[in-house]
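Got a structure for you, written out below as structure tokens; questions coming shortly.
The chains referred to below are lettered A, B, ... by the order of the sequence lines, with proteins before strands, and numbering in each begins at 1. Hydrogens, waters and symmetry mates are skipped; everything else that's a heavy atom, side chains included, is used.
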Number of protein chains: 4
Amino acid sequence: MIKVGIVGGTGYTGVELLRLLVTHPECELIAITSRSESGKSVAELFPNLRGYSELRFVEPDPALLRGCDLVFFATPNGVAMTQVPELLEAGVRVIDLAADFRITDQGLWEHWYGMQHACPELLMEAVYGLPEMNRQAVKQARLVANPGCYPTSVALGFLPLIENGLVATDYLIADTKSGVSGAGRKASVATLMGEMGESFKAYAIPGHRHQPEISQTLSRACDGEIGLTFVPHLVPMIRGIEATLYARLNDKTVDLQRLFEDRYKDEPFVDILPQGSHPETRSVRGANYCRIAIHKPLKGDVVVVSSVIDNLVKGAAGQAVQNMNLMFGLAEDCGLNQVALLP
Amino acid sequence: MIKVGIVGGTGYTGVELLRLLVTHPECELIAITSRSESGKSVAELFPNLRGYSELRFVEPDPALLRGCDLVFFATPNGVAMTQVPELLEAGVRVIDLAADFRITDQGLWEHWYGMQHACPELLMEAVYGLPEMNRQAVKQARLVANPGCYPTSVALGFLPLIENGLVATDYLIADTKSGVSGAGRKASVATLMGEMGESFKAYAIPGHRHQPEISQTLSRACDGEIGLTFVPHLVPMIRGIEATLYARLNDKTVDLQRLFEDRYKDEPFVDILPQGSHPETRSVRGANYCRIAIHKPLKGDVVVVSSVIDNLVKGAAGQAVQNMNLMFGLAEDCGLNQVALLP
Amino acid sequence: MIKVGIVGGTGYTGVELLRLLVTHPECELIAITSRSESGKSVAELFPNLRGYSELRFVEPDPALLRGCDLVFFATPNGVAMTQVPELLEAGVRVIDLAADFRITDQGLWEHWYGMQHACPELLMEAVYGLPEMNRQAVKQARLVANPGCYPTSVALGFLPLIENGLVATDYLIADTKSGVSGAGRKASVATLMGEMGESFKAYAIPGHRHQPEISQTLSRACDGEIGLTFVPHLVPMIRGIEATLYARLNDKTVDLQRLFEDRYKDEPFVDILPQGSHPETRSVRGANYCRIAIHKPLKGDVVVVSSVIDNLVKGAAGQAVQNMNLMFGLAEDCGLNQVALLP
Amino acid sequence: MIKVGIVGGTGYTGVELLRLLVTHPECELIAITSRSESGKSVAELFPNLRGYSELRFVEPDPALLRGCDLVFFATPNGVAMTQVPELLEAGVRVIDLAADFRITDQGLWEHWYGMQHACPELLMEAVYGLPEMNRQAVKQARLVANPGCYPTSVALGFLPLIENGLVATDYLIADTKSGVSGAGRKASVATLMGEMGESFKAYAIPGHRHQPEISQTLSRACDGEIGLTFVPHLVPMIRGIEATLYARLNDKTVDLQRLFEDRYKDEPFVDILPQGSHPETRSVRGANYCRIAIHKPLKGDVVVVSSVIDNLVKGAAGQAVQNMNLMFGLAEDCGLNQVALLP
């Protein structure tokens with residue numbers, strides 16, 4: 001049994017991680033820390049866990065965490081980087097679900113996140129935990145940077161095209177839409193149901209932190225520069241991301257359906273839908289899949305990819321568990337066989 | 001492995017049954033029939049099942065079903081009763097998720113369902129599949145009538161009070177609210193999102209088929225007459241039922257919290273919340289639990305019980321699997337350990 | 001033109017009041033105050049008002065308000081009572097949309113609102129602004145206590161029964177359901193879309209502030225004691241209240257449909273639906289109506305009334321404008337002819 | 001008073017047209033026809049109209065319609081074209097809210113709509129009723145083709161760029177999102193709340209009928225060829241369209257904010273938001289506005305426009321009333337001063 005700790009489990013990523021871990025057969029949850037909810041049982045805060053866990057939130061305690069095999073950080077950006085070095089030193093492996101280790105370029109990270117990085121020396125070591133790209137490295141990693149939700153949906157949709165040089169990489173467009181759980185579980189007017197319900201909008205068009213993260217991934221895939229326009233939107237629903245990706249084909253004759261099917265044929269969590277399909281976010285609700293469809297509208301030279309994930313599962317906690325499984329030599333889908341909840 | 005067949009699996013109850021059965025460790029799905037979707041794979045109709053089942057819908061075929069150990073009917077009312085007799089004769093056990101065998105009184109059934117019963121001789125034999133009331137009988141049953149969704153939530157909330165003669169049974173009120181999946185997956189204007197979204201209403205106030213079903217259950221529990229006013233409502237959400245129950249106490253001194261906790265202390269799927277709680281439907285979304293809270297407003301002589309279930313799980317497919325487990329000597333919660341999806 | 005001021009217009013009641021007032025033909029909006037948003041234009045905070053108002057929020061300024069004919073308070077409970085006396089003294093009339101003047105009994109008010117009343121001498125003078133009950137008094141009033149949202153829907157549904165002594169008043173039940181805008185526009189975790197969306201629950205079953213308000217209204221209507229059980233619920237939608245009311249009839253022979261139609265036949269904003277109807281909240285979305293249906297389930301001795309309003313209109317800002325119209329001798333429906341938005 | 005008839009008023013476009021017309025000060029509603037609902041009052045079908053109209057649906061009756069000054073067709077595609085010629089001949093003016101007269105090229109129309117056109121001789125005469133482009137022609141028109149919902153939001157967002165040759169027109173992208181009311185009020189499984197709720201998806205990526213309509217509009221604006229990729233999506237809400245438009249700038253130095261403000265400065269229903277804004281669909285719910293924001297992400301050479309309308313108002317019934325006002329010499333905003341319902 002892997003001894004697991006969670007730092008900061010009171011947000012949506014945290015409760016989703018708990019949902020997956022309490023039924024994971026190879027995991028023992030040792031500790032979950034929260035300053036604000038210390039002493040409260042996790043099942044009191046999240047009643048869906050009643051009957052599954054007796055655990056209580058505790059004050060952050062380095063000694064406790066040092067006794068774990070693995071610590072997940074489900075904290076706001078900027079927290080993990082202050083605690084990770086000593087955990088690694090103590091031989092604990094770490095998966096950070098926040099953004100502290102996602103961008104390798106320190107200057108770029110500091111520009112977008114507006115703070116100084118606390119342990120830049122670890123940026124190169126941290127493995128970007130997209131198993132479909134970095135599976136071998138994840139297996140060996142001490143420190144995994146779990147990808148962002150949008151970046152997961154966008155990267156998986158673009159990768160086969162970019163890796164094979166099939167599209168013009170100077171003008172890629174990712175028009176992405178997310179349910180509101182992506183905005184987190186913090187008291188705020190902007191994410192009240194009275195504000196978000198029955199309405200739709202784009203946000204952060206001038207620039208969003210996931211743009212450089214996606215660009216980094218795609219640049220690595222083609223070993224070149226990427227020109228990416230990234231526009232996120234808020235959908236009046238709780239879970240789910242749909243990314244509609246646009247690129248211009250260099251070569252109109254390639255069988256794109258087959259290309260994607262081949263690229264992902266051994267992937268347990270990427271599902272290429274039959275030609276002509278349109279994936280729905282509900283087809284992955286609560287499940288760790290990314291489902292993808294590929295189109296050429298009006299048979300022209302533009303390829304359109306529609307990619308869906310559950311932002312809290314493949315876009316966060318599920319992918320983190322997938323990475324844990326890889327790091328500890330378990331079956332990659334261990335504890336991740338939830339069928340999506342439809343309807 | 002139990003060989004299982006499903007008749008009529010194209011509705012919401014059907015897809016939910018499939019979701020639970022494809023990961024059930026003791027079940028082998030032999031056949032699923034549908035006239036309208038014959039030949040189509042279940043995963044094509046319900047893409048959440050992609051990767052979990054290769055099964056295709058087939059034309060109803062008695063021979064195929066006779067080879068099963070158990071057949072579930074997830075059909076409209078009035079279908080099961082025409083096929084059940086020959087299945088029972090062939091030694092197949094049956095769980096009907098529709099209403100054909102829920103009401104023992106033939107005349108009453110025919111009044112409310114507006115048709116003649118095709119096999120009234122089985123009405124007495126059929127076991128009403130509420131395990132919390134009829135566990136032993138379910139274990140032995142050839143034919144189980146799976147309870148309705150509202151009746152499950154209402155009965156579990158009233159039972160401890162009624163069984164112990166604590167309330168005036170001539171004036172019980174059940175004000176119930178359901179997500180729209182309860183209305184089924186049939187083309188209709190009334191259940192379009194444009195009609196149901198962002199709106200709330202009561203319906204069927206003059207009388208609803210679940211009223212006699214609940215009355216029958218409660219009458220049995222107290223061996224007496226029941227005066228029940230039952231009003232259902234439609235909530236602009238997909239899954240979930242909340243029942244708010246009102247009754248006047250004969251005795252204000254009873255410790256109701258303890259009464260409920262004792263009544264259900266060995267039940268795997270009934271959860272009495274701590275005093276002062278208000279259960280949310282999302283705390284059982286996708287899970288087989290019924291969560292219940294008990295109150296005495298303003299410390300008066302009225303008891304108010306709030307009870308929540310997922311109408312498609314404990315209110316339909318989950319309870320059916322629970323009944324299957326009992327009928328076949330499996331652990332009662334086998335294949336039913338899904339944690340509710342929150343948020 | 002009536003010179004109008006608004007104190008505290010940054011919540012949902014405030015923006016709704018603005019929506020109605022900017023197109024009201026007899027109203028001139030002089031000032032709107034807000035400490036937090038001072039200097040910002042109302043159209044910046046609420047972009048639906050772009051093109052309708054150039055007004056900016058200003059710091060609370062007694063001199064400015066003293067120049068108004070009428071001041072609306074759309075503030076949290078406890079604010080109006082500190083400012084109303086000096087406004088009345090200056091000859092300004094006041095409509096308070098909060099609860100400061102709704103309950104005449106000072107002790108009862110202080111018990112439920114947990115503070116000392118700042119001007120108890122005005123409690124007797126304040127007119128409870130339910131025009132269907134107190135029209136003449138409203139016309140003369142200096143100070144109107146605009147009713148709560150739940151109380152409006154419940155009172156209008158019970159009044160014809162109570163006024164005529166037709167039901168047992170010792171055991172009335174009001175099971176009410178509200179959209180989330182009723183919880184206001186304050187940063188809080190509990191009302192995030194991630195918490196409220198796709199879920200339903202009862203709340204405040206032990207006791208809610210609207211219980212004594214409703215009891216007071218119904219007591220006055222029958223000049224007697226009222227035993228009322230009041231349970232509110234939260235619906236995953238933005239606007240709308242449905243109240244399902246239960247009472248036991250003293251006399252089963254009365255024509256209830258006719259009773260209600262007669263009681264409200266001259267009311268511009270109460271609509272009795274045809275027999276057999278079930279009102280939907282969307283039928284009053286954005287409009288000042290209360291629509292009501294009356295039933296006797298299974299033809300028994302229980303009367304069930306279903307009553308719907310838009311909590312922000314007839315339950316708040318619309319009723320406030322209706323009261324203003326009465327106070328200033330305008331047509332009662334002046335500026336209130338919005339057709340509900342359906343779908 | 002303009003004597004108005006409506007053919008086919010039982011859908012969402014129809015009820016919205018009724019909502020606007022029953023309070024329009026210069027309109028007299030003479031007749032509304034429906035085969036399926038003949039004899040029923042409009043207020044019975046749409047209870048939001050109770051108190052506003054005594055009108056009943058009648059069987060289609062040419063004589064009745066010939067007595068009107070103006071007839072609106074709110075029918076499925078292919079109906080208006082069979083009745084328009086004789087109405088025009090009788091001197092009746094016509095606004096078709098369906099697609100029969102939107103595309104001038106007969107062959108193109110027949111390709112996309114899969115039927116033969118019944119009166120191709122009118123295709124050239126019909127005026128495309130986008131007032132912001134064709135105001136003068138609308139004023140004189142006998143026959144107005146009311147634009148589609150997506151085309152309205154996309155055209156208004158692209159026009160200033162296209163008219164001024166500022167972007168590469170061979171690769172335009174319109175990623176559009178619509179509430180479900182756009183799919184109409186027909187019984188169908190696909191648009192049930194159980195199917196559409198809490199989920200998001202793209203649809204019709206291979207090709208959608210609004211693509212040629214938009215291309216035609218933009219081609220006319222630049223007098224050249226247009227390469228447009230158009231992808232629509234379904235949002236789990238009822239009303240509202242957001243269009244995110246992407247184009248590559250020929251000239252990065254142009255002040256786009258000012259360009260848009262100048263282009264639309266005299267338009268009563270196009271609102272250019274301040275720089276840095278992101279329009280929400282709720283800011284136009286129930287109102288006839290199109291609100292637009294313009295961005296250059298990361299200050300690059302891609303322009304991103306976000307444009308929102310209410311699909312049933314500016315995208316259908318509201319624009320139809322705007323066109324009626326123009327055709328009959330009324331103030332363009334007559335009867336269209338509804339403030340959007342927010343929240």
Margin query: If you count every heavy atom of other residues, nucleotides or ligands that lies below 6.0 Å from Glu54(C) atom CD, does the total exceed 12?
Written below: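 No, because the 6.0 Å sphere around CD of Glu54(C) holds 12 heavy atoms or fewer from other groups.
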Notebook entry, point to check: For chain C, which residues from residues 183-199 of chain A lie under 4.5 Å away (heavy-atom distances)?
Noted result: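 When heavy atoms of chain C are the reference, residues 183-199 of chain A contributes Gly184(A), Arg185(A), Lys186(A), Ala187(A), Ser188(A), Val189(A), Thr191(A), Leu192(A), Met193(A), Gly194(A), Glu195(A), Met196(A), Gly197(A), Glu198(A) within the under-4.5 Å range.
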Next item on the list: Enumerate the residue pairs fulfilling salt bridge (Lys or Arg N to Asp or Glu O under 4.0 Å) with a member in residues 283-293 of chain C, sequence neighbours excluded, ordered by first and then second residue.
Entry: Asp271(C)-Arg291(C)
